[in-house]
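To start, the structure itself, in structure tokens.
Source: prediction; values computed, not measured. Side-chain atoms are counted along with the backbone in the values below, which use heavy atoms only and exclude waters and symmetry mates.
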Number of protein chains: 2
Amino acid sequence: MTGTEFYKHLKDIGCKLTEQRKIIIDVLIENPGHHTAEEIFTLVKNKNSKMYFSTIYRNLELLTNHKIVEKLSIVDGVNHYELNGLDHHHHVICNKCGQMIQIDMCPYIENHLAEKIKSMNFRPTNHKFEIYGLCDRCSKE
Amino acid sequence: MTGTEFYKHLKDIGCKLTEQRKIIIDVLIENPGHHTAEEIFTLVKNKNSKMYFSTIYRNLELLTNHKIVEKLSIVDGVNHYELNGLDHHHHVICNKCGQMIQIDMCPYIENHLAEKIKSMNFRPTNHKFEIYGLCDRCSKE
DNA sequence: GTCACTGCAAAGTGTTTGCATCGCG
DNA sequence: CGCGATGCAAACACTTTGCAGTGAC
């Protein structure tokens, strides 16, 4: 999806298309992958735009509720956000330096889990798969 | 492992066996599964023991570092802790009521991922697999 | 013009830290 | 009795909330 398409989507679901929302979406498009609210704040500032954390959080929450953004609680009490549906992937995360490496395999799809979970009367919407350990560099130190 | 064995393990790795540590371990043994620091605090209080959050956090951190306890960052900025190695399982989590249901299947083991990840020069130590959605009751509401 | 949204400040929640005292080994 | 552990208070980091003013439609 392009920026304009995201903008249109927002209006379609009855949200006002404010300058701040455009900037947040632009920043997420221009910087693929997951970012903390802090990182998004910095990226917004780099575009010479002033914005408060509350605006960022409120909009990330809104975008998450509308499935435009995905919220990941990967590391100790810090949420990461990324545009949803652009690509589906999981992570290998270094316990020492915090580096996150994407992996393409998805055990959920490969093992046909969706049907199994539905048979438990559970309606799955999304899933998370993460492997922790030490990356190449950190394991050598 | 029994309580006494956990106590011994602590001494073996050079930690003092304080009353507070015994209580935390006892509480974790008596209440299998994952708990927040808050829940552990309440469980400790129910045993008529007074303990500060700092003591709980410091010890959970210590036990986590020594792989006696596993720390899970599952939900929005709240860590959950549980005794490690008692049983290996993953979770199905309801987005509405927060209920966590254990599932026994492990995609990591079933797909022989350990070797694949090692071939990336990454040393895996643990992993997390979670499926989010709506549980039976919440999806009916 | 209306109402959703933002700026700003202040509070809230979960967690960590500093320091004096305590108690395990 | 020495040093690691705890009690307690205070700080911290991330996030949410309340309210008045602003701007999209």
Select one nucleotide: of [options], the one nearest the side-chain heavy atoms of [X].
{"X": "R58(A)", "options": "dT17(D), dT15(D), dT6(D)", "value": "dT17(D)"}
{"X": "K50(B)", "options": "dC8(D), dG7(C), dC5(C)", "value": "dC8(D)"}
{"X": "T18(A)", "options": "dT6(C), dT16(D), dC3(C)", "value": "dT6(C)"}
{"X": "S54(B)", "options": "dG14(C), dT6(C), dC8(D)", "value": "dC8(D)"}
{"X": "N59(A)", "options": "dG14(C), dG7(D), dT6(C)", "value": "dT6(C)"}
{"X": "Q20(B)", "options": "dC25(D), dG7(D), dT16(C)", "value": "dG7(D)"}
{"X": "L17(A)", "options": "dC14(D), dC25(D), dT16(D)", "value": "dC25(D)"}

Distance in angstrom units between [X] [atom1] and [N] [atom2], rounded:
{"X": "F53(B)", "N": "dT16(C)", "atom1": "CZ", "atom2": "P", "answer": "12 Å"}
{"X": "E61(B)", "N": "dG4(D)", "atom1": "CD", "atom2": "C1'", "answer": "17 Å"}
{"X": "H35(A)", "N": "dT15(D)", "atom1": "NE2", "atom2": "P", "answer": "15 Å"}
{"X": "M51(B)", "N": "dC8(D)", "atom1": "CE", "atom2": "C1'", "answer": "15 Å"}
{"X": "Y57(B)", "N": "dT6(D)", "atom1": "OH", "atom2": "C1'", "answer": "17 Å"}
{"X": "E19(B)", "N": "dG7(D)", "atom1": "CD", "atom2": "C1'", "answer": "15 Å"}
{"X": "F41(A)", "N": "dC8(C)", "atom1": "CZ", "atom2": "P", "answer": "11 Å"}
{"X": "E38(A)", "N": "dC12(D)", "atom1": "CD", "atom2": "P", "answer": "15 Å"}

Looking at L63(B), I25(B), N84(B), which one forms a side-chain contact (heavy atoms from CB on, under 4.5 Å) with V69(B)?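 Result: among L63(B), I25(B), N84(B), L63(B) is the only option passing the side-chain contact (heavy atoms from CB on, under 4.5 Å) with V69(B).
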Short question: side chain of T4(B), backbone of T2(B) - any donor-acceptor pair under 3.5 Å?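 Such a contact is absent between T4(B) side chain and T2(B) backbone.
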Are the side chain of R21(A) and the backbone of K16(A) linked by a donor-acceptor contact shorter than 3.5 Å?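 The answer is yes, because a donor-acceptor pair under 3.5 Å joins these two groups.
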Comparing K16(B) and Y52(B) on DNA chain D - which has the more 5′ nearest nucleotide: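 Here K16(B) is the residue nearer the 5' end.
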Is it the case that the base of dC14(D) and the side chain of T36(A) share a donor-acceptor contact (distance under 3.5 Å, atom types as modelled)?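 Flag unset: no donor-acceptor pair detected.
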Under-4.0 Å side-chain N/O to phosphate OP1/OP2 contact, N79(B) with dT15(C):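 Yes.
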Check the side chains of H34(A) and H91(A) for a donor-acceptor pair under 3.5 angstrom, ignoring hydrogens and angles.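 Short answer, yes.
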Counting the atoms with a prime plus P, OP1 and OP2 as sugar-phosphate, which does K11(A) contact under 4.0 Å by heavy atoms, base, sugar-phosphate, or nothing?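 Sugar-phosphate contact only - K11(A) comes under 4.0 Å of backbone atoms but never of a base.
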Could you tell me how the ring of F53(B) sits relative to the ring of F41(B): parallel (under 30°), tilted (30 to 60°) or perpendicular (over 60°)?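 Parallel: the ring planes of F53(B) and F41(B) meet at under 30°.
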